[in-house]
Structures are given as structure tokens and as C-alpha cells.
Trainee: 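Take this structure, written in C-alpha cells, and hold onto it; I'll ask about it next.
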Amino acid sequence: MKSIIKRLSVFLMAAMMVALVGCASTSKQEGTGEYVDDTVITAKVKAAILNEPALKSSEINVETFKGTVQLSGFVGDPGSIGKAVEVTRGVKGVQNVKNDIHVK
């Protein structure tokens with residue numbers, strides 16, 4: 001009976017280790033917690049851009065990976081590019097902004 005309990009406990013420990021390693025992040029892949037954080041940052045940036053009357057938010061795309069926000073899309077004038085970057089940098093949690101917005 002003790003042998004079965006010992007084997008079962010070893011199996012459970014191994015399963016827990018596999019589960020923990022599976023949720024860890026790598027340089028090219030986010031962990032579960034980081035994905036949730038990035039989703040929240042993306043939503044906050046989209047809301048901030050939407051609340052900025054000078055920007056057409058439907059033409060600006062926002063993606064976040066490990067705190068780095070990438071802006072892409074099109075705007076009508078060069079000033080809007082700077083405004084979008086400024087608004088994005090003002091959002092809590094944004095560590096870096098990559099700007100790939102172009103003028104139509």
C-alpha cells in the first residue's frame with residue numbers, strides 16, 4: 001500500500017511540474033498571465049484612442065506583446081501619428097510603443 005501511495009505522489013508531483021512549465025513564457029511566446037495583461041493593455045489603448053477626438057480609431061490597429069504595443073494602420077495627417085503614439089504611451093502598463101502607422 002505504501003508503494004502505491006509513493007508512486008501516486010511522484011506521479012502527481014511530475015504532473016504539477018509539467019503544468020507549471022507549460023504555462024511559463026519564452027522569448028517568443030507569452031505565459032497565461034502575460035497574455036491576460038497584454039489583452040488588458042490592448043483594450044485600454046483602444047479605449048484611449050477611441051476617446052481621442054482627433055483620431056479615427058477604426059483605422060488604427062493595436063496589438064500588444066509583453067507590454068510592447070504595436071500601432072499600425074492609416075491616418076489622414078502626420079500629426080495624428082504623433083498623437084496616437086502620445087496617447088498610447090500614456091496608458092498604464094505600456095512599456096514600449098512600436099509605430100507602424102502610415103499617412104494615407
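Since this is a predicted model, take the numbers as computed values, not measurements.
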Trainee: Can you tell whether the side chains of R89 and E86 come within less than 4.0 Å, N to carboxylate O?
Mentor: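 Between E86 and R89 there is no salt bridge, as every charged N stays at least 4.0 Å from the carboxylate O atoms.
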Trainee: With sequence neighbours excluded, what pairs up with N96 under the side chain to side chain donor-acceptor pair (under 3.5 Å) test?
Mentor: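 Expected list: none.
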Trainee: Would you give the length of the straight line joining atom CD of Q95 to atom OG1 of T64, rounded to the nearest 0.5 angstrom?
Mentor: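 Rounded to the nearest 0.5 Å, the CD-OG1 separation comes out at 10.5 Å.
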Trainee: Please identify which of these residues, V62, I49, V91, meets the side chain to side chain contact (heavy atoms under 4.5 Å, CB included) condition with K44.
Mentor: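 It is V91, the one option of V62, I49, V91 that forms the side chain to side chain contact (heavy atoms under 4.5 Å, CB included) with K44.
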Trainee: Take T68 and K98 through the side chain to side chain contact (heavy atoms under 4.5 Å, CB included) test and state the conclusion after the steps.
Mentor: CA-CA 7 Å; T68 298; K98 290 185 178 180; 4.0 Å; yes
Trainee: Consider only side-chain heavy atoms of I, L, V, M, F, W and Y, link residues closer than 4.5 Å, and tell whether V103 and F74 are in one cluster.
Mentor: no
Trainee: So which atom in I41 and which in G67 form the shortest heavy-atom distance, rounded to 0.1 Å?
Mentor: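 Looking at all heavy atoms of both residues, the shortest contact is CD1-CA, 4.3 Å.
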Trainee: Got a donor-acceptor contact below 3.5 angstrom from the S80 side chain to the G76 backbone?
Mentor: no
Trainee: Please list, chain by chain and in numerical order, all residues satisfying side chain to side chain donor-acceptor pair (under 3.5 Å) with K104, sequence neighbours excluded.
Mentor: E59
Trainee: What's the separation between atom CD1 in I60 and atom NZ in K46, rounded to the nearest 0.5 Å?
Mentor: 11.5 Å
Trainee: Which is it for L55 and K83 under the side chain to side chain contact (heavy atoms under 4.5 Å, CB included) test, yes or no, and what are the steps along the way?
Mentor: CA-CA 8 Å; L55 299 172; K83 188 64 175 173; 4.2 Å; yes
Trainee: If we check side chain to side chain contact (heavy atoms under 4.5 Å, CB included) with L71, which of these qualifies: I81, V85, D100?
Mentor: V85
Trainee: Quick one, V69 with T42, criterion side chain to side chain contact (heavy atoms under 4.5 Å, CB included). Give me CA distance, side-chain angles, the key distance, then yes/no.
Mentor: CA-CA 8 Å; V69 177; T42 298; over 6 Å; no
